[in-house]
Structure formats: structure tokens, C-alpha cells
There are 2 protein chains.
Amino acid sequence: MATQPRINPDPASSAHERIYRALRTLIMHGEIAPGTALTLRGLGAEFGVSMTPAREAVRRLAAEGALTLSATGRISTPELSHERIEELASLRGLIEPELAARALPRAHIALIDRLRAINARVSECVTKQDAVCYLRTNMEFHRLIYLRAQAPAMLAVVETIWLQLGPTMRVLYETRQRTDLQRHHRAILSALTAGDEPALRLAMRSDVTQGLKMLEG
Amino acid sequence: MATQPRINPDPASSAHERIYRALRTLIMHGEIAPGTALTLRGLGAEFGVSMTPAREAVRRLAAEGALTLSATGRISTPELSHERIEELASLRGLIEPELAARALPRAHIALIDRLRAINARVSECVTKQDAVCYLRTNMEFHRLIYLRAQAPAMLAVVETIWLQLGPTMRVLYETRQRTDLQRHHRAILSALTAGDEPALRLAMRSDVTQGLKMLEG
DNA sequence: GCAGACTGTTTGTGATCACAATGCCCTCAT
DNA sequence: ATGAGGGCATTGTGATCACAAACAGTCTGC
């Protein structure tokens with residue numbers, strides 16, 4: 001691999017940024033099983049770069065909790081304990097209703113229509129039994145609401161939590177019964193339409209907590 | 001600077017870890033003003049290492065929001081907008097009461113005594129008009145409570161938020177009147193002693209939100 | 001048969017270097 | 001006096017290398 005002259009000076013497409021985004025998406029969508037081992041040289045080779053940018057991407061993802069570094073520096077996707085899952089679920093249950101409530105005053109009919117469209121795609125994923133598809137479109141649903149809240153710092157925290165849950169959620173949604181996954185989304189849409197903040201907070205909290213609580217005990 | 005042979009193989013004291021911890025403490029305690037520029041070579045020289053570990057520490061801190069990377073890659077401590085401060089304050093107001101409530105069943109008299117001792121040191125810092133001292137001991141007070149909650153993921157999120165607020169809080173606490181900074185801490189101690197969860201949640205929320213809300217508007 | 005030592009390989013860490021882009025400051029023309 | 005232009009120092013990026021620790025496989029000795 002010869003030294004590649006830097007063609008593109010755009011910082012948004014620097015080597016470590018590309019690896020970071022690619023890995024982040026894979027992890028958040030649950031496309032990497034918990035406990036999977038990664039290597040810097042492997043990642044570098046996979047993306048056609050040296051170890052340096054791979055290391056930076058890994059460090060960044062580790063700081064966000066998306067990857068685990070062992071005591072000896074080995075890299076792997078995290079295997080979450082039940083306690084940790086409960087904590088992360090509680091955090092979602094605290095923050096996401098707040099984001100929804102902040103989005104509510106700005107939720108016009110156009111937004112709700114787009115949400116309905118995404119929700120239809122969520123249903124497709126459920127009937128197709130496609131966990132990755134489900135996770136991706138479900139996050140899209142939530143993110144579209146939260147973007148309206150104009151609260152980037154809160155959204156960043158929530159996305160970090162999604163990231164930490166990613167590998168585990170995939171396993172989770174493949175082993176559980178999929179009944180009524182859509183009920184909460186319908187309740188969210190109703191509350192958004194009616195402008196009913198307490199109902200919205202409740203529906204959001206249920207949607208977020210329900211799927212994860214069943215892992216405990 | 002000649003190549004330093006690796007004396008200490010302990011991963012907890014690797015070069016990038018040392019820089020990370022040192023910088024993190026400085027930032028969280030508000031010892032670096034918002035908008036201060038840093039350089040990789042400068043940090044490396046300061047800690048007697050090359051750019052490589054400095055870069056990793058910076059990348060990690062940037063991922064946590066403790067440092068800002070400009071579009072051209074320049075490194076600086078963040079200058080938070082009022083909106084962002086409000087968001088971070090709201091997050092604290094959501095999460096920290098929950099942590100306190102989780103700690104409550106485990107809060108024995110020994111813990112409360114230690115909290116009283118820390119609180120006395122907080123008072124000293126206030127009378128000394130020492131902002132850094134105040135921030136450090138105040139965080140110690142909160143962290144000691146939250147450690148009892150046995151919720152490492154939640155605590156990590158909260159500490160990340162403290163980290164983001166660090167440089168700004170210093171400025172904040174130097175320009176405001178310091179009346180009744182201790183009132184909330186006393187209320188927290190009372191509620192802990194009485195085992196009164198609703199009062200504890202309320203006192204914690206007030207303590208956390210009060211100081212930061214005055215920046216808006 | 002099996003546990004423990006050993007060896008070759010893999011892997012993360014940190015240093016160093018080349019490079020391009022950025023930022024800064026001085027100069028000069030208007 | 002001021003703003004535009006140019007050259008130089010500074011800075012982040014990525015590649016490459018040396019090194020030591022960790023891991024995995026085998027082999028030996030009991």
C-alpha cells in the first residue's frame with residue numbers, strides 16, 4: 001500500500017472520520033454482534049488506510065461507549081450486563097420523553113405525515129423479521145421527532161445511548177416476541193396530533209422502556 | 001527528545017491515559033478558560049511525549065464534548081451558547097435526581113457524615129471566593145452521593161455533562177452572587193437523613209438547575 | 001493423559017516523518 | 001490609513017517503523 005497523496009482536504013471526509021461513521025452506523029444498527037473482536041490493522045486494511053486513523057476512530061467510539069477496550073487494549077463490541085441495560089433504558093426513559101415534549105409545539109402536520117410513512121416501513125421490517133431493518137427505521141422515527149426539539153446536546157446524549165445499546169438490541173429483538181411493537185408508536189402519533197404533552201411523554205416512555213425492561217430479572 | 005523506552009507497561013498509566021486524565025481534570029474543574037486554543041505538539045511537549053498519544057487524548061476528550069475541534073481541526077475548549085447551557089442544565093435536572101433517588105436506600109449515617117464534611121469544605125471555598133475549589137468540592141459532594149446509586153452508566157453520562165460545562169461554569173460562578181449556594185446542599189442532606197425521596201429529588205433538581213438557569217434570557 | 005513451559009505470531013503503543021492546509025504577519029499599493 | 005496580496009511558520013493528518021506485551025499453538029516432562 002503506497003502512500004496515498006491527500007486528494008480530499010474536506011475534514012468531513014478525512015480517513016478517521018470515514019471509518020468512524022462507518023463503524024458507528026454498523027454498531028448502532030446492531031450489525032456487529034456483542035463481543036466481536038476488532039483489530040486496528042484489520043480495520044485499516046478494510047478501509048484502505050493505515051493504523052493511525054483506525055486508532056483515532058476506535059478511540060472515539062470507545063469514548064462513546066460503542067466499543068470496549070480490554071485492560072490489555074484489545075478492542076471489541078461491548079457485552080452489556082443486565083444492570084447496564086437497565087440503566088441505559090432508564091436514561092432513555094428520562095431523556096426521550098423530554099425531547100418529545102420539546103418537539104411537540106413544533107410538530108406540524110407535515111412532520112406527522114412523514115412519521116406515519118416511517119412507521120409503515122417499521123411495520124414492514126417487523127413482518128420481514130428483519131432486526132437490523134427494524135432498529136434502523138425505529139431510530140429514524142425517534143430521531144425525526146427529536147430533531148424538532150432543537151436540542152442538539154440532548155439528542156447527542158440519546159444517540160450515544162442508542163450506540164451503546166446497538167449490538168445488544170439486535171440480539172434482544174431477535175429473541176423476543178414482536179407483539180404490539182407498533183402500539184406505542186401509534187400512541188405517540190396520536191398524542192402528537194392532539195397536542196397532548198402528558199400523553200406524549202407517557203407513550204414515549206412506554207415505547208422506550210418496554211422492550212428493554214424484559215431483559216431484567 | 002530521544003525515544004523513551006517503555007518502562008511502565010501498566011495500561012492505566014499509558015501516555016495517552018495520563019494526558020487524558022490530566023486534561024480532563026483541568027477542564028472539569030474549570031481551570032482552562034472557554035475558547036482556549038491547544039495544540040498537539042504543545043500538549044505533547046508539556047507531557048514529554050510525542051504527538052501520537054496527545055492526539056488520542058484530544059480525540060477522546062472531543063468525543064466527550066470536553067474539547068471542540070474546528071472545521072479545520074484546531075483544538076479549543078468549547079464556548080457554550082446559552083441554549084446549550086440550558087440543555088445541559090436540563091439534562092442534569094433530569095438525571096441527577098434519579099441518581100440521588102437510587103442512592104437513597106443505601107445512604108447510611110456514615111455517608112451523610114462524610115457529605116457534611118465535604119459540605120464544610122464547599123463553604124470554605126465559597127468564603128475564599130475560590131471558584132476552582134468550589135467546583136471541585138461541589139462535584140465531590142454530588143459524586144459521593146451518586147456513587148451509592150450503583151449506576152455507573154448514569155454516572156458516566158452525568159460526568160460527561162459536568163465535563164462539558166466545566167470551562168463555562170468557572171466563568172459563571174465568578175460573575176454571579178453567591179447567596180444561598182449552600183441552601184440546597186442542606187436540603188439534600190435533610191432529605192437523605194429523613195429518607196424522603198420526593199424531597200430529595202426536588203432539592204437535587206433545585207441545586208442543579210438554579211445556578212445555571214440564570215444565564216438564559 | 002495432562003499440565004506447564006516455550007516459541008512464533010499477532011496486536012496495541014508511541015515516535016518520527018512528509019505533506020498540505022491553515023493562519024499570521026509583514027509589505028506594498030491605493 | 002487601510003485593505004489586499006504574498007511568504008513563512010504553525011498545525012493537524014496519515015504512513016511507517018520499532019518495540020514489548022499478549023495470545024495461541026506446540027512440545028516436553030511428569
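Treat the numbers as computed from the prediction; the structure is a model and nothing was measured. All chains are named by letter (A, B, ...) in the order of the sequence lines, taking the proteins before the strands, and each is independently numbered beginning at 1.
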* Asked: Is A:L38 touching bases, backbone alone, or none of the nucleic acid, heavy atoms closer than 4.0 Å?
  ->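 Sugar-phosphate only.
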* Asked: With a 4.0 Å cut-off on heavy atoms, is B:I75 in touch with a base, just the backbone sugar-phosphate, or nothing at all?
  ->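 Sugar-phosphate only.
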* Charged N to carboxylate O under 4.0 angstrom, A:E98 versus A:R205? ->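 Looking at A:E98 and A:R205, the cut-off is not met.
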* Asked: Does the side chain of B:I27 reach to within under 4.5 Å of the side chain of B:P167, using non-hydrogen atoms?
  ->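 Result yes, sub-4.5 Å side-chain heavy-atom pair found.
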Mind listing the side-chain donor-acceptor pairs of residues 119-127 of chain A below 3.5 Å, one per line with the distance, residues two or more places apart or on another chain?
| from | atom 1 | to | atom 2 | distance (Å) |
| --- | --- | --- | --- | --- |
| A:N119 | OD1 | A:H185 | ND1 | 2.9 |
| A:R121 | NH1 | A:E140 | OE2 | 3.4 |
| A:R121 | NH2 | A:E140 | OE1 | 3.2 |
| A:S123 | OG | A:N119 | O | 3.3 |
| A:S123 | OG | A:Q182 | NE2 | 2.5 |
| A:T127 | OG1 | A:S123 | O | 3.4 |
| A:T127 | OG1 | A:E124 | O | 2.8 |

* To do: Give a yes or no answer on whether the side chain of B:T36 reaches the backbone of B:I32 with a donor-acceptor pair at less than 3.5 Å.
  =>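 Judged by distance alone, no pair lies under 3.5 Å.
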* With the side chain of B:S50 defined as its heavy atoms from C-beta on, choose the nearest nucleotide among D:dT10, C:dA15, C:dG14. =>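 Looking only at side-chain atoms, B:S50 lies closest to C:dA15.
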* Asked: Which residue, A:E56 or A:R74, contacts DNA chain D at a nucleotide closer to its 5' end, judged by nearest heavy atom?
  ->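 Looking at the nearest nucleotide for each, A:E56 comes out on the 5' side.
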* To do: Can you check whether any acceptor in the base of C:dG14 is under 3.5 Å from a donor in the side chain of A:R55, or vice versa?
  =>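 Looking at the base of C:dG14, it does pair with a donor or acceptor on the side chain of A:R55 (distance under 3.5 Å).
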Closer than 4.0 Å, any side-chain N/O of [X] to the OP1 or OP2 of [N]?
{"X": "B:T72", "N": "C:dG23", "value": "yes"}
{"X": "B:R41", "N": "D:dA9", "value": "no"}
{"X": "B:T52", "N": "C:dG14", "value": "no"}

* To do: Quantify the bending of the helix from C:dG1-D:dC30 to C:dT30-D:dA1 as the angle between its end axes, each fitted on five pairs, to 10°.
  =>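 For the helix from C:dG1-D:dC30 to C:dT30-D:dA1, the axes at either end differ by 10°.
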* To do: Provide, to the nearest angstrom, the distance between the CD atom belonging to A:E17 and the C1' atom belonging to D:dG12.
  =>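 Taking atom C1' of D:dG12 as the reference, CD of A:E17 is at 14 Å.
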